[in-house]
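Working notes, beginning with the structure itself.
In each ligand, atom 1 is the first atom listed, and ligand 1 is the first ligand listed. Residue indices begin at 1 and follow the sequence shown.
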Amino acid sequence: MLNTKKDIEWSSLGFGYVKTDYRYVSNYKDGNWDDGVLSADETVTINESAGVLQYAQTCFEGLKAYTTVDGHVVCFRPDLNAQRMAESCKRLEMPVFPQERFIDAVVKTVKANIDYVPPYGSGATLYLRPYMFGSNPVIGVKPAVEFQFRIFATPVGPYFKGGVKPISLRVPDFDRAAPKGTGHVKAGLNYAMSLHAIVDAHNQGYNENMYLDSATRTKVEETGGANIIFVTKDNKVVTPKSSTILPSITRRSLMYVAKEYLGLETEEREILFDEIENFKECALCGTAAVLSPVGKVVNNGREIVYGMDGMGEITKKLYDTLTGIQMGRIDAPEGWIKVIQ
Ligand SMILES: *Cc1c(COP(=O)(O)O)cnc(C)c1O
């Protein structure tokens with residue numbers, strides 16, 4: 001078979017935008033979604049007063065397509081991205097893009113850019129970004145009535161280039177999400193307001209922020225773009241339970257893997273900041289890295305150290321098992337892997 005793959009140095013790709021050949025576009029007007037098309041045009045033209053530009057009416061998703069050990073191109077649990085986007089849309093007064101159509105659009109976008117799917121073993125993946133925004137002019141504060149749903153694809157490099165380096169977190173003076181606010185949905189506005197906190201964290205020498213619950217500032221929630229798991233000294237995997245955390249698909253999958261594949265006890269419960277010094281491992285989880293070890297957490301001069309030399313033992317097992325499932329080296333639970341080609 002002819003190798004038509006793009007001439008890209010897969011292993012040296014970073015996590016940035018690279019234009020690919022096609023993106024999926026569907027428009028919502030007069031109460032209906034149109035049939036959708038694959039477009040070669042990477043630009044979006046909208047009215048200067050579009051709802052997204054004035055009042056940030058937009059939400060997004062993120063998932064990856066990649067090549068498995070037996071040469072298939074697959075996506076990991078895209079049905080959960082479709083479901084989560086539906087929840088985001090409802091909270092933001094946007095029309096749901098039907099979930100079967102979401103998965104079909106993912107498949108079409110990957111197939112149209114198949115030569116950008118990195119080969120097995122490269123560590124690189126084709127990152128997919130579904131998103132939706134209000135496109136018609138609004139000036140009084142109200143929901144748009146016309147929307148655009150798009151998915152673009154961009155190849156991204158291996159997350160852990162040059163080895164796994166544990167990261168440092170600090171507890172910021174800023175909050176991420178309010179009770180009954182929008183912390184549980186993937187709204188663009190959640191990221192806009194986190195930018196100042198992340199720039200400030202970087203200026204202070206930290207990689208990320210560990211947000212506490214805004215009501216009491218005593219409980220651990222998550223970072224700006226990843227959920228958190230801990231491992232207790234007796235090897236229990238625990239993760240914070242809160243209605244203001246974004247329900248990470250990676251975290252939900254890891255908790256299942258911990259219990260069903262590794263036979264570990266798992267717990268989703270409220271976690272006080274004051275108890276995390278008793279845990280032995282801490283890691284961030286999300287689509288980009290799967291798991292990223294946390295070396296230390298700093299809160300107003302108080303330092304909690306988990307260790308700066310690589311992944312903890314349980315974190316590593318979780319990482320190897322979930323990435324093994326994703327890459328087809330380990331049997332996946334029913335429905336987790338969507339084969340595209
Ligand atoms: C997207 C996101 C995550 C990670 O979710 P995954 O589905 O695992 O990629 C975690 N926290 C926040 C705030 C997010 O936006």
Side-chain angles (χ1 to χ4, degrees), residues 15 56 58-66 75-89 91-92 99 102-103 106 125-132 151 153-154 156 159 167 169 172 174-179 181-198 201 207-214 219-230 237 239-258 268 271 282-292 294 315 318-319 321-323 325-326 335-338:
F15 193 83
T58 180
C59 63
F60 67 99
E61 274 300 325
L63 70 161
K64 298 190 290 200
Y66 51 90
C75 282
F76 185 70
R77 309 187 79 179
D79 53 320
L80 296 189
N81 295 98
Q83 253 172 42
R84 190 168 65 188
M85 189 158 187
E87 294 309 310
S88 300
C89 288
R91 179 63 178 80
L92 298 171
Q99 296 182 37
F102 179 103
I103 294 170
V106 164
T125 57
L126 186 67
Y127 183 76
L128 302 169
R129 171 52 61 88
Y131 60 115
M132 191 191 295
I151 305 180
T154 184
V156 298
Y159 194 84
I167 58 171
L169 310 182
F174 309 103
D175 291 324
R176 174 182 174 271
T182 57
H184 63 301
V185 299
K186 230 169 159 67
L189 59 93
N190 290 345
Y191 277 75
M193 66 83 222
S194 76
L195 297 175
H196 177 61
I198 189 75
N207 299 99
E208 255 290 2
N209 291 300
M210 174 185 272
Y211 290 102
L212 303 181
D213 75 295
S214 61
K219 289 172 273 187
V220 176
E221 297 241 298
E222 62 171 324
T223 69
N227 283 184
I228 305 179
I229 61 158
F230 297 95
V237 182
T239 192
K241 185 185 178 77
S242 158
S243 59
T244 56
I245 288 177
L246 194 282
S248 157
I249 295 164
T250 315
R251 185 254 302 162
R252 286 180 271 165
S253 304
L254 286 165
M255 296 303 277
Y256 182 90
V257 163
E268 185 182 352
I271 296 175
C282 175
L284 305 188
C285 55
T287 295
V290 176
L291 268 173
S292 180
V294 173
T315 303
L318 284 167
Y319 179 83
T321 310
L322 186 56
T323 53
I325 289 170
Q326 290 179 329
W336 277 25
I337 305 293
K338 170 80 186 165

Atom 11 (N) of ligand 1: closest protein heavy atom, distance to 0.1 Å, is Glu222 OE1, 2.7 Å
Distance filter under 4.0 Å to Arg176 heavy atoms, resulting ligand 1 atoms | 13 (C)
Is a donor on one side and an acceptor on the other found under 3.5 Å between the side chain of Asn207 and the backbone of Ile167?
-> no
Any Gly225 heavy atom less than 4.0 Å to ligand 1 | yes
Decide whether the shortest distance between a heavy atom of Gly224 and an atom of ligand 1 is less than 4.0 Å.
-> yes
Close-contact set for ligand 1 against Tyr191 heavy atoms, below 4.0 Å = 2 (C), 12 (C), 14 (C), 15 (O)
Which heavy atom of the protein is the closest neighbour of atom 9 (O) of ligand 1, given with residue, atom name and distance?
-> Thr287 OG1, 2.5 Å
Under 3.5 Å, side chain of Arg84 to main-chain N/O of Lys186, donor-acceptor pair present?
-> no
Is the backbone N or O of Ile228 less than 3.5 Å from a side-chain atom of Thr239, with the two atoms forming a donor-acceptor pair by type?
-> yes
Is it the side chain (CB and beyond), the backbone, both or neither of Ala226 that lies under 4.0 Å from ligand 1, heavy atoms counted?
-> backbone
Give a yes or no answer on whether the side chain of Thr223 reaches the backbone of Ala226 with a donor-acceptor pair at less than 3.5 Å.
-> yes
Which option, Val290, Ile245, Leu254, Ile249, owns the non-hydrogen atom nearest atom 6 (P) of ligand 1?
-> Ile249
So the atoms of ligand 1 within less than 4.0 Å of a heavy atom of Arg84 turn out to be 5 (O), 6 (P), 7 (O)
Donor on one side chain, acceptor on other, Asn190 and Thr182, under 3.5 Å | yes
Can you tell me if Arg129 uses its side chain to pair, donor with acceptor, with the backbone of Phe60 under 3.5 Å?
-> no
Mark yes or no for whether Asp213, through its side chain, and Ser242, through its backbone, hold a donor-acceptor pair below 3.5 Å.
-> no
Nearest to atom 2 (C) of ligand 1, what protein heavy atom do you find, and at what distance?
-> Lys186 NZ, 2.6 Å
Check each of Cys59, Pro247, Ser248 against atom 8 (O) of ligand 1 and report the one with the nearest heavy atom.
-> Ser248
Say whether, by atom type as modelled, one donor and one acceptor occur between the side chain of Thr58 and the main chain of Met132 under 3.5 angstrom.
-> yes
For Asn227, counting its heavy atoms only, list the atoms of ligand 1 lying under 4.0 Å from any of them.
-> 10 (C), 11 (N)
